[in-house]
Chemist: 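Quick one: the structure is below, questions incoming.
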Amino acid sequence: MNSIYDRIKTVRKTARLTQQEFAEKLGLKQNTIATYEMGKTSPSERTLSDICRVFNVDPCWMETGEGEMFRAESADAELTRLVGELMADKPGSFRQRVITALLRCTDDEWGVFRRVLGEIEKDAEP
């Protein structure tokens with residue numbers, strides 16, 4: 001990755017976000033992201049720090065392009081991040097409704113899921 005501008009775009013594309021969605025997650029405007037990606041303006045240290053924090057990007061990679069793009073994340077940290085993303089959805093979003101329905105399941109219902117998923121996995125084995 002040659003430039004910080006390319007790396008910002010790579011993070012956004014890897015997250016499968018439009019410039020508008022990426023900007024919203026960072027508290028910025030879409031045109032600000034566009035100017036970064038085109039190399040017309042340079043992001044502040046604060047913006048780079050926010051990108052690393054919000055998208056779990058390794059700061060060294062963001063600055064230099066060396067190493068791995070993402071930091072290793074513990075299971076607890078990943079769950080915390082995912083719940084945060086879920087809570088940032090629009091209230092009543094499809095994703096929120098699905099997760100809420102799953103969390104309301106009884107232990108018996110979870111047993112059914114486990115059995116069904118086990119069958120799917122078994123059928124996928126060669």
Chemist: What is the distance from atom CZ of R46 to atom CG of L48, rounded to the nearest 0.5 Å?
Modeler: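 Between R46 CZ and L48 CG, I get 11.5 Å after rounding to 0.5 Å.
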Chemist: Identify, with sequence neighbours excluded, every residue that meets ring pair (Phe, Tyr, Trp, His ring centres under 6.0 Å) alongside F70.
Modeler: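 Listed in chain order: nothing, the list is empty.
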Chemist: Residues in side-chain hydrogen bond (donor to acceptor under 3.5 Å, both in side chains) with S74, at least two apart?
Modeler: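 For S74 there are no side-chain hydrogen bond (donor to acceptor under 3.5 Å, both in side chains) partners, ignoring immediate neighbours.
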Chemist: Working to the nearest 0.5 Å, report the span between CD1 of I4 and CD1 of I51.
Modeler: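 It comes to 7.5 Å.
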Chemist: So does T18 get a backbone contact from the side chain of E21, meaning a donor-acceptor N/O pair under 3.5 Å?
Modeler: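 At least one qualifying donor-acceptor pair exists.
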Chemist: What residues join V83 in its hydrophobic cluster, counting side-chain heavy atom gaps under 4.5 Å, either direct or through other members?
Modeler: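 Under the 4.5 Å side-chain rule, V83 groups with L79, M87.
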Chemist: Does L117 sit in a hydrophobic cluster with other residues, and if so which ones, taking ILVMFWY side chains as linked at heavy-atom separations under 4.5 Å, directly or through other members?
Modeler: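 ILVMFWY cluster around L117 also holds V112, V116, I120.
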Chemist: If you round to the nearest 0.5 Å, how far is CD of E37 from OH of Y5?
Modeler: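 Going from the OH atom of Y5 to the CD atom of E37 covers 12.0 Å.
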Chemist: Which pairs, with at least one residue in residues 94-104 and sequence neighbours excluded, count as a side-chain hydrogen bond (donor to acceptor under 3.5 Å, both in side chains)?
Modeler: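 Found D89-R95.
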Chemist: Hey, does P43 have a side-chain heavy atom less than 4.5 Å from the side chain of I8?
Modeler: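 Result yes, sub-4.5 Å side-chain heavy-atom pair found.
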Chemist: Determine whether M62 and S49 make a side-chain contact, defined as any pair of heavy atoms from C-beta on separated by less than 4.5 Å.
Modeler: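 No. Closest side-chain heavy atoms not under 4.5 Å.
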Chemist: Taking the side chain as every heavy atom from C-beta outward, state whether T106 and E109 have any atom pair closer than 4.5 Å.
Modeler: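 Result yes, sub-4.5 Å side-chain heavy-atom pair found.
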Chemist: So, taking the atom named CH2 in W61 and the one named OG1 in T10, what distance separates them when rounded to the nearest 0.5 Å?
Modeler: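 W61 CH2 to T10 OG1: 5.0 Å, rounded to 0.5 Å.
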Chemist: Rounded to the nearest 0.5 Å, what's the gap from CD on E66 to CG on D58? Could you check?
Modeler: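 Separation between the atoms: 10.5 Å.
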Chemist: For R115, is there an ion pair with E119 - N to carboxylate O distance below 4.0 angstrom?
Modeler: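 So E119 does not pair with R115 through a salt bridge.
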Chemist: With a cut-off of 3.5 Å and sequence neighbours excluded, list every side-chain donor-acceptor pair involving residues 22-36.
Modeler:
from	atom 1	to	atom 2	distance (Å)
E24	OE2	Q20	NE2	2.9
Q30	NE2	Q19	OE1	2.5
T35	OG1	N31	O	3.4
T35	OG1	T32	O	2.8
T35	OG1	T41	OG1	2.9

Chemist: Will you find, in the side chains of S3 and D6, an N or O donor that is under 3.5 Å from an N or O acceptor?
Modeler: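 Judged by distance alone, the side chains do pair up.
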Chemist: Would a hydrophobic clustering, with Ile, Leu, Val, Met, Phe, Trp and Tyr connected at side-chain separations under 4.5 Å, put W110 with V98?
Modeler: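 They do share one cluster, since a chain of ILVMFWY contacts under 4.5 Å joins W110 to V98.
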